[in-house]
Amino acid sequence: MTGFPQHAHDHEACAARVLEEAERITRERGVRFTPLRRYVLEIILASHKLVGAYDLLTALAREDSPAKPSPPTVYRALQFLQEQGFVHRIDSRNAYAACFAPETTHRGRFLLCRICGCAAEIDEPALDGTLKAVAARTGFSVEHETVELSGLCHECRDGSAHVVE
């Protein structure tokens, strides 16, 4: 995904596609996509906003949750979802964003709106080459990459009222 969701964005279809893809990927990899892991992913997929671990704990405290909420339970589910490429950790916000392209291996780079809380994944192949070239020129060996640009989405910048899905 590049950019923030537009008004015409069908988020339910978007989230359903990612869940179907997650089911397929876990089957192919032979890993367990437990009801709890699926539920945590569904919560994160509910909007394009960032979700923190304590937001997840609150959601899991509801009666229909497939597990009793505890921080270790949530962090294990998040670790699994990250390892499978279904969510990205947003380091600067200590939160998570759903990956809307889990079928492809890629680095998570984000535009983060500081007003509405939306996260938009940056899909820019030229950025890979630029960052690799900079590291190579300086003899730097990259072990971890975090690219998070904070600012205002176009609707928050323009003062437009918008629904974040």
Side-chain angles (χ1 to χ4, degrees), residues 1-6 9-62 64-125 127-128 131 142-151 153 162-165:
M1 172 179 188
T2 300
F4 291 89
Q6 304 298 313
H9 174 69
D10 181 354
H11 187 71
E12 285 185 27
C14 177
R17 183 193 59 77
V18 172
L19 280 171
E20 286 175 18
E21 201 59 24
E23 292 278 358
R24 182 189 62 75
I25 290 168
T26 54
R27 255 191 329 274
E28 288 176 0
R29 293 177 182 166
V31 295
R32 292 187 58 224
F33 195 38
T34 64
L36 174 65
R37 291 169 175 173
R38 181 185 172 89
Y39 192 57
V40 169
L41 182 56
E42 286 173 358
I43 294 166
I44 296 171
L45 280 167
S47 78
H48 286 277
K49 288 187 175 189
L50 300 176
V51 178
Y54 285 96
D55 299 325
L56 291 167
L57 278 169
T58 300
L60 288 169
R62 296 193 317 241
D64 61 344
S65 170
K68 297 274 189 238
S70 73
T73 301
V74 169
Y75 283 110
R76 279 193 301 272
L78 287 168
Q79 181 180 4
F80 171 85
L81 295 172
Q82 276 185 272
E83 288 170 354
Q84 300 306 313
F86 304 150
V87 300
H88 296 286
R89 185 171 190 284
I90 307 299
D91 293 335
S92 66
R93 307 283 174 89
N94 196 22
Y96 298 84
C99 178
F100 290 93
E103 66 281 357
T104 61
T105 302
H106 62 280
R107 290 180 167 77
R109 299 173 179 134
F110 289 88
L111 303 172
L112 306 170
C113 182
R114 65 179 171 76
I115 292 180
C116 70
C118 275
E121 200 164 345
I122 301 168
D123 180 18
E124 184 53 58
L127 192 53
D128 281 337
L131 293 174
V142 177
E143 294 175 353
H144 176 76
E145 176 187 316
T146 301
V147 177
E148 301 170 1
L149 305 175
S150 183
C153 70
H162 64 103
V163 177
V164 180
E165 291 189 293

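These numbers come from the heavy atoms of this one structure, side chains and all, not from hydrogens, waters or symmetry mates.
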With heavy-atom distances below 4.5 Å as the criterion, would you say the side chains of [X] and [Y] are in contact?
| X | Y | answer |
| --- | --- | --- |
| Ile44 | Leu78 | yes |
| Val51 | Leu56 | yes |
| Asp55 | Leu50 | no |
| Arg32 | Phe80 | no |
| Val142 | Leu131 | no |
| Ile122 | Leu149 | yes |

Looking only at non-hydrogen atoms, find the nearest pair between [X] and [Y] and report the distance.
| X | Y | result |
| --- | --- | --- |
| Glu21 | Pro102 | CG-CG, 3.9 Å |
| Cys116 | Lys49 | O-CE, 2.9 Å |
| Cys99 | Val18 | O-CG1, 3.7 Å |
| Ala22 | Leu41 | CB-CD2, 3.9 Å |
| Arg93 | Ser150 | NH2-OG, 3.0 Å |
| Thr26 | Phe33 | OG1-CB, 3.5 Å |

Donor-acceptor check, side chain of Glu148 to backbone of Ser92, threshold 3.5 angstrom: yes or no? yes
Verify, without hydrogens or angle tests, whether Arg89 (side chain) and Gln82 (backbone) share a donor-acceptor contact under 3.5 angstrom. no
Can you measure from CZ (Phe100) to CG (Leu45) and round to the nearest 0.5 angstrom? 5.0 Å
For Arg109, which of Glu145, His88, Glu124 qualifies under side-chain hydrogen bond (donor to acceptor under 3.5 Å, both in side chains)? Glu145
Below 4.0 angstrom, N of the basic side chain to O of the carboxylate: do Glu103 and Arg24 qualify? no
